[in-house]
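See below for the structure under consideration.
Heads up: numbering here begins at 1 and tracks the sequence.
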Amino acid sequence: MHNRLKDLDDMALYEEEVVGPELIGTVEYEKDGHHSFHGGIIPTTHRLFIKLKREEEIETHAVGYKDITGITTENLLLVGNIIHIWIGNEIVISMKSVSDGKLDKFLDFIYRYRAKRLKLDGEISVDQEENAV
């Protein structure tokens, strides 16, 4: 079950989409009245996937990089590293007890590819607006 939280074999990826380093831990995400799940957060070059273990099934949710307004981290003495994913003006997804090495690799990957994706999406929007005139 743990390995199913790490991979995206059950998802249809874009032809050029590459999977980055995943984080596995306790995901705090509101879903059907529940708030805490064992799960994974997996970035790709195009989007972010959230995998949640619910009973014996794994649910996967995709979040586009354009929807993410911020990513913050904090380190609490008794909890360890926590990563927060902001959508709009609120924290929608958090994961706690993340190891330093994994978190650094994850953040490097997501910052690099999120910036590229936002730039590409911005160029597409500008081109579409120019063509619409």
Side-chain angles (χ1 to χ4, degrees):
M1 184 67 74
H2 183 74
N3 285 338
R4 289 181 48 210
L5 293 173
K6 292 179 162 186
D7 66 53
L8 294 175
D9 293 342
D10 58 337
M11 299 304 301
L13 299 178
Y14 302 123
E15 188 174 316
E16 70 281 356
E17 193 168 13
V18 176
V19 177
E22 82 288 335
L23 297 176
I24 303 295
T26 302
V27 177
E28 294 176 353
Y29 176 80
E30 201 283 315
K31 177 76 175 161
D32 299 330
H34 294 85
H35 295 83
S36 187
F37 303 90
H38 185 63
I41 301 176
I42 307 168
T44 70
T45 51
H46 288 70
R47 52 200 162 159
L48 187 69
F49 288 92
I50 313 303
K51 297 191 85 160
L52 306 173
K53 180 181 177 213
R54 294 185 51 129
E55 297 174 18
E56 293 303 313
E57 293 186 25
I58 303 291
E59 288 184 9
T60 305
H61 306 276
V63 179
Y65 283 142
K66 66 179 175 20
D67 298 326
I68 297 172
T69 55
I71 300 169
T72 58
T73 61
E74 61 182 311
N75 188 312
L76 300 177
L77 185 59
L78 297 176
V79 177
N81 290 313
I82 302 173
I83 183 169
H84 304 289
I85 310 293
W86 294 72
I87 297 177
N89 293 327
E90 63 183 345
I91 297 171
V92 175
I93 305 157
S94 291
M95 179 179 277
K96 56 186 173 183
S97 302
V98 179
S99 66
D100 284 331
K102 280 277 195 179
L103 183 59
D104 291 342
K105 290 176 184 176
F106 175 89
L107 290 173
D108 287 345
F109 184 92
I110 199 168
Y111 289 150
R112 179 178 333 125
Y113 289 103
R114 180 173 176 260
K116 286 181 182 179
R117 189 84 251 146
L118 292 177
K119 183 175 187 281
L120 287 173
D121 289 346
E123 288 174 357
I124 291 169
S125 296
V126 169
D127 290 344
Q128 288 174 348
E129 288 175 15
E130 289 174 357
N131 292 335
V133 176

**Message:** Working note: Ile85 + Ile50, criterion side chain to side chain contact (heavy atoms under 4.5 Å, CB included); need CA distance, chi angles, decisive distance, verdict.
**Reply:** CA-CA 11 Å; Ile85 310 293; Ile50 313 303; 5.7 Å; no

**Item:** Separation between CG of Asn81 and CG of Leu103, rounded to the nearest 0.5 Å
**Value:** 5.5 Å

**Fill in**
d(Ile71 CD1, Thr73 OG1) to nearest 0.5 Å is 10.0 Å

**Request:** Tell me, please, which residues at least two apart from Ser94 pass side chain to side chain donor-acceptor pair (under 3.5 Å).
**Result:** His84

**Request:** With the side chain counted from C-beta on, respond yes when Leu48 and Ile41 share a heavy-atom pair under 4.5 Å apart, and no when they do not.
**Result:** yes

**Request:** Hey, could you give me each pair passing salt bridge (Lys or Arg N to Asp or Glu O under 4.0 Å) that has a residue in residues 86-98? Not counting sequence neighbours.
**Result:** Glu28-Lys96

**Asked** Do Ile82 and Asn75 have side chains that get closer than 4.5 Å, going by heavy atoms?
**Response** no

**Prompt:** Distance from Phe37 atom CZ to Thr26 atom OG1, nearest 0.5 Å?
**Reply:** 11.5 Å

**Message:** Can you confirm whether Ile42 sits close enough to Lys6 that some side-chain heavy atom of one is under 4.5 Å from a side-chain heavy atom of the other?
**Reply:** no

**Prompt:** Mind checking who shares a hydrophobic cluster with Ile91, ILVMFWY linked at side-chain heavy-atom distances under 4.5 Å?
**Reply:** Trp86

**Fill in**
When rounded to the nearest 0.5 Å, the distance separating CZ of Phe106 from OH of Tyr111 is 9.0 Å

**Asked** For Asp10, does the CG atom sit with more than 12 other heavy atoms under 6.0 Å from it, leaving out its own atoms?
**Response** yes

**Request:** Treat each ILVMFWY residue as a node, draw an edge where side-chain heavy atoms are under 4.5 Å apart, and state whether Ile68 and Val27 are in one component.
**Result:** yes

**Request:** Give the C-alpha distance, both sets of side-chain angles, the deciding distance and a yes or no for side chain to side chain contact (heavy atoms under 4.5 Å, CB included) between Phe49 and Val63.
**Result:** CA-CA 6 Å; Phe49 288 92; Val63 179; over 6 Å; no

**Contacts of type ring-ring contact (aromatic ring centres under 6.0 Å, His included), residue Phe109, not counting sequence neighbours** = Tyr113

**Leu52 and Ile58: CA distance, side-chain angles, deciding distance, side chain to side chain contact (heavy atoms under 4.5 Å, CB included) verdict** = CA-CA 6 Å; Leu52 306 173; Ile58 303 291; over 6 Å; no

**Backbone of Thr45 reached by a side-chain donor or acceptor of Arg114 within 3.5 Å** = no

**Prompt:** Given the rule that I, L, V, M, F, W and Y join up when any side-chain heavy atoms are under 4.5 Å apart, are Val79 and Ile93 in one cluster?
**Reply:** no

**Message:** Checking the side chain of Lys51 only, and the main-chain atoms of Asp7 only, is there a donor and an acceptor separated by less than 3.5 Å?
**Reply:** yes

**Message:** How long is the straight-line distance from NE2 of His38 back to NZ of Lys53, given to the nearest 0.5 Å?
**Reply:** 7.0 Å

**Item:** Separation of Leu23 CG from Met95 CE (nearest 0.5 Å)
**Value:** 5.5 Å

**Request:** Please identify each residue that fulfils salt bridge (charged side-chain N to carboxylate O under 4.0 Å, His left out) with Glu74, with sequence neighbours left out.
**Result:** none

**Message:** Would a single hydrophobic cluster contain both Leu8 and Ile24, if residues Ile, Leu, Val, Met, Phe, Trp and Tyr are joined by side-chain heavy-atom contacts under 4.5 Å?
**Reply:** no

Got a list of side-chain donor-acceptor pairs under 3.5 Å for residues 14-22, not counting sequence neighbours?
residue, atom, partner, partner atom, Å
Glu16, OE2, His46, NE2, 3.2
Glu17, OE1, Tyr14, N, 2.9
Glu17, OE1, Arg47, NH2, 3.0
Glu17, OE2, Thr44, OG1, 2.5
Glu17, OE2, Arg47, NE, 2.9
Glu22, OE2, Lys102, NZ, 3.1

